[in-house]
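Encoded as structure tokens, the structure appears first; notes follow it.
When a residue number appears, it is its place in the shown sequence, counting from 1.
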Amino acid sequence: MKVVLRDRGFRYLLLGQTLSTLGDRALILAFGIWVKELTGSDAAAGVAFVFVAFPFLFAPFAGVVIDRFPRRQVFIATNLAMACVMLLSLAVHDASQVWLLYVMILCYGFSAVIITATQSALTASLFDRSELPDANGLLQTSGDGVKLLAPLLGAGLYTLVGGHVIALLDAATFLMAAFCVWRIKAPNDKRHVVGAFAVREELLGGLRHVFSTPALRGIVIALGLANLVTGFSQTLIFSIVGSGLHRTPAFVGILVSMQGAGAVAAGLSVGYAIRRLGDTKVVILGTAACSLASVLYLAPHIAPVVAGSLLFGAGMCWMTVALITSVQNRTPADMQGRSVSAAIASVSTPQTISIVVGAGVSLVVDYRTLLVAMAVVTGCSALWLTRTSARGRSGEAPDALAAEKADEPDVRST
């Protein structure tokens, strides 16, 4: 990590992401409260959060943009555009203008897709393979650490200054993020795809690469399957606190904070873990951790539930960082944007579905049954990926195995 932090460009990227994530997370919560206050409807407030997740379905389009233009310019332009979008909040004064808040949140969702993939491509261009796990781990740690503060900051600022001021503050964080990346020197940043736009080939190029690369295909399928149930936790945490621990809803905040703390700890250690074990094994460990966490959530006592929260946060972090690192290591420079976007869409779409399904099913099915389902599905995902990766390696020719060496510990770092 010391080596990574010595890079001036990465320090700017890390600072820009931290500021932007802090503003974004505070904004999303504040906008949900704002919608609730204007309309008096819980459902209307909930729709605001759906608009954040919906754009991830269109991640392949973002990948095309990222590969057709210099990544640094894409990052800067997206942040500047979002700073302008935030100004729409000044026109919101009553329930008839709530649609403007939805438009802003939808734009935020699209920008998040572009910024996440662009950031990954920029990071891959700044470091060699041995340093990528630490760089990705630090970026994830920064994001997860900010999430611990952002909800309190968003709710507190909304109470003190209102939604208009929060939107303007978020516009300032977008401007700061753009400035930080503008300061990065990226001499090799260029258009990676030129010529006429081939719609079918470019939109499907990232998906084809991901699913034609054995290691990536296994990781994405395993995480997609696991994420079909991990989204249940968004709803079940209230049942765990109320029905399992017999605590007030405020205790949910403690468990969410524990998840964040687990994610921060995992982010600081994931670089070392990937170098020692390989990214596929770290995905397996992360998925297994979520399975064990689901079992611990069944306990009617605080200690195992808190331990489960720490483990669940760590598992989700390990899976995310290992996925991004795996794509970076196995993708040529001209396909980084499309491949990262395709991988994100492949694992985020099932999670979005599981959040919606979990909210509905939890009304008619006991929460413990759904926790068992989470434990079984995530556990089976880890076992399937273990068997698939082992079978794939045993059947590979020496040349093919050498081509997949990105999954092995890097001897330069050990």
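Put simply, the side chain of Leu168 does not reach to within 4.5 Å of the side chain of Val165, judged on heavy atoms. Annotation: side chain of Tyr102 is in contact with side chain of Val35 (closest heavy-atom distance under 4.5 Å). In this structure the side chain of His209 reaches within 4.5 angstrom of the side chain of Pro332, judged on heavy atoms. Two residues are said to be in side-chain contact when any heavy atoms from C-beta on lie closer than 4.5 Å; Trp384 and Ile221 meet this criterion. Annotation: side chain of Phe75 is in contact with side chain of Ile115 (closest heavy-atom distance under 4.5 Å). With contacts defined as side-chain heavy-atom distances shorter than 4.5 Å, the pair Leu296/Val305 does not qualify. At least one side-chain heavy atom of Leu38 sits under 4.5 Å from a side-chain heavy atom of Val92. Counting heavy atoms from C-beta outward, Leu88 and Gln97 have side chains that stay 4.5 Å or more apart.
Partners of Ser354 under the side chain to side chain donor-acceptor pair (under 3.5 Å) rule, at least two apart in sequence or in another chain, do not exist in this structure. Qualifying side chain to side chain contact (heavy atoms under 4.5 Å, CB included) partners for Leu15, counting only residues two or more places apart in sequence or in other chains: Leu19, Cys180. Remark: Arg217 pairs with no residue by the salt bridge (charged side-chain N to carboxylate O under 4.0 Å, His left out) rule, at least two apart or across chains. Applying the side chain to side chain donor-acceptor pair (under 3.5 Å) criterion to Glu37, with sequence neighbours excluded, gives Tyr158. Annotation: side chain to side chain donor-acceptor pair (under 3.5 Å) contacts of Ser381 (sequence neighbours excluded): none. Under the side chain to side chain contact (heavy atoms under 4.5 Å, CB included) criterion, Ser291 pairs with Ala375, Thr378, not counting sequence neighbours. By the ring-ring contact (aromatic ring centres under 6.0 Å, His included) test, Tyr272 is found to be paired with no residue, residues two or more places apart in sequence or in another chain being considered. Looking at residues two or more places apart in sequence or on another chain, you find a side chain to side chain contact (heavy atoms under 4.5 Å, CB included) between Ser346 and Leu207, Phe211, Val220. Residues passing the side chain to side chain donor-acceptor pair (under 3.5 Å) test with Gln336, sequence neighbours excluded: none. Taking the side chain to side chain contact (heavy atoms under 4.5 Å, CB included) definition, one finds that Val361 meets it with Val357, Val365, Leu370, sequence neighbours left out.
Judged by distance alone, the side chain of Thr173 and the main-chain N or O of Asp170 form a donor-acceptor pair under 3.5 Å. Under the 3.5 Å distance criterion, the side-chain polar atoms of Ser389 are matched with a main-chain donor or acceptor of Thr386. For the pair Asn227 (side chain) and Val347 (backbone), a donor-acceptor distance under 3.5 Å is present. No donor-acceptor pair under 3.5 Å is formed between the side chain of Arg338 and the backbone N or O of Leu204. The backbone N or O of Ala266 sits less than 3.5 Å from a side-chain atom of Ser269, completing a donor-acceptor pair.
The heavy-atom pair separating Ala342 from Gly206 by the smallest distance is CB-C, 3.6 Å. The two residues Thr320 and Gln140 have their closest heavy-atom pair at CG2-OE1, 3.6 Å. Contact record, Trp318 with Ala289: CZ3-CB, 4.1 Å, taken as the closest heavy-atom pair. In this structure, Cys290 and Met319 approach most closely via the heavy-atom pair SG-CE, 3.7 Å. Across every non-hydrogen atom of Arg71 and Ala333, the tightest pair is NH2-O, 2.9 Å. Of all heavy-atom pairs between Ile219 and Val283, the closest is CG2-CG2, 4.0 Å.
Of the inter-residue distances, the one linking Thr18 atom OG1 with Leu139 atom CG reads 8.0 Å to the nearest 0.5 angstrom. In this structure, Ile105 CD1 and Phe110 CZ are separated by 13.5 Å, a value rounded to the nearest 0.5 Å. To the nearest 0.5 angstrom, Leu216 atom CG is 7.5 Å from Ser339 atom OG. Separation of atoms CE (Met82) and CG (Leu175) is listed at 11.5 Å; rounding is to 0.5 Å. Note that the CD1 atom of Ile184 and the CD1 atom of Ile76 stand 8.0 Å from one another [nearest 0.5 Å]. Atom-to-atom distance recorded for Glu131:CD and Thr123:OG1 is 12.0 Å, nearest 0.5 angstrom.
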Check against side-chain contact (heavy atoms from CB on, under 4.5 Å), Met104 and Tyr108 | CA-CA 6 Å; Met104 294 170 66; Tyr108 163 74; over 6 Å; no

side-chain hydrogen bond (donor to acceptor under 3.5 Å, both in side chains) evaluation trace for Thr325 with Asp279 | CA-CA 7 Å; Thr325 304; Asp279 43 35; over 6 Å; no

Just do the side-chain contact (heavy atoms from CB on, under 4.5 Å) check on Thr118 and Thr78 with the steps written out, would you?
-> CA-CA 10 Å; Thr118 307; Thr78 302; 5.9 Å; no

Please lay out, stage by stage, how Leu385 and Thr280 fare under the test side-chain contact (heavy atoms from CB on, under 4.5 Å).
-> CA-CA 8 Å; Leu385 183 56; Thr280 298; 4.1 Å; yes

Full working for side-chain contact (heavy atoms from CB on, under 4.5 Å) between Leu285 and Leu277 | CA-CA 10 Å; Leu285 286 175; Leu277 303 174; 3.6 Å; yes

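Under the salt bridge (Lys or Arg N to Asp or Glu O under 4.0 Å) criterion, the residue pairs touching residues 354-367 are Asp366-Arg368, with sequence neighbours excluded.
Relative orientation of the Trp34 and His164 rings is perpendicular, given thresholds of 30° and 60° on the angle between their planes.
A side chain to side chain contact (heavy atoms under 4.5 Å, CB included) with Val282 holds for exactly one of Thr287, Val321, Ile274; it is Ile274. Under the side chain to side chain contact (heavy atoms under 4.5 Å, CB included) test applied with Gln119, the options Ile114, Val340, Leu13, Ile324 reduce to a single match, Leu13.
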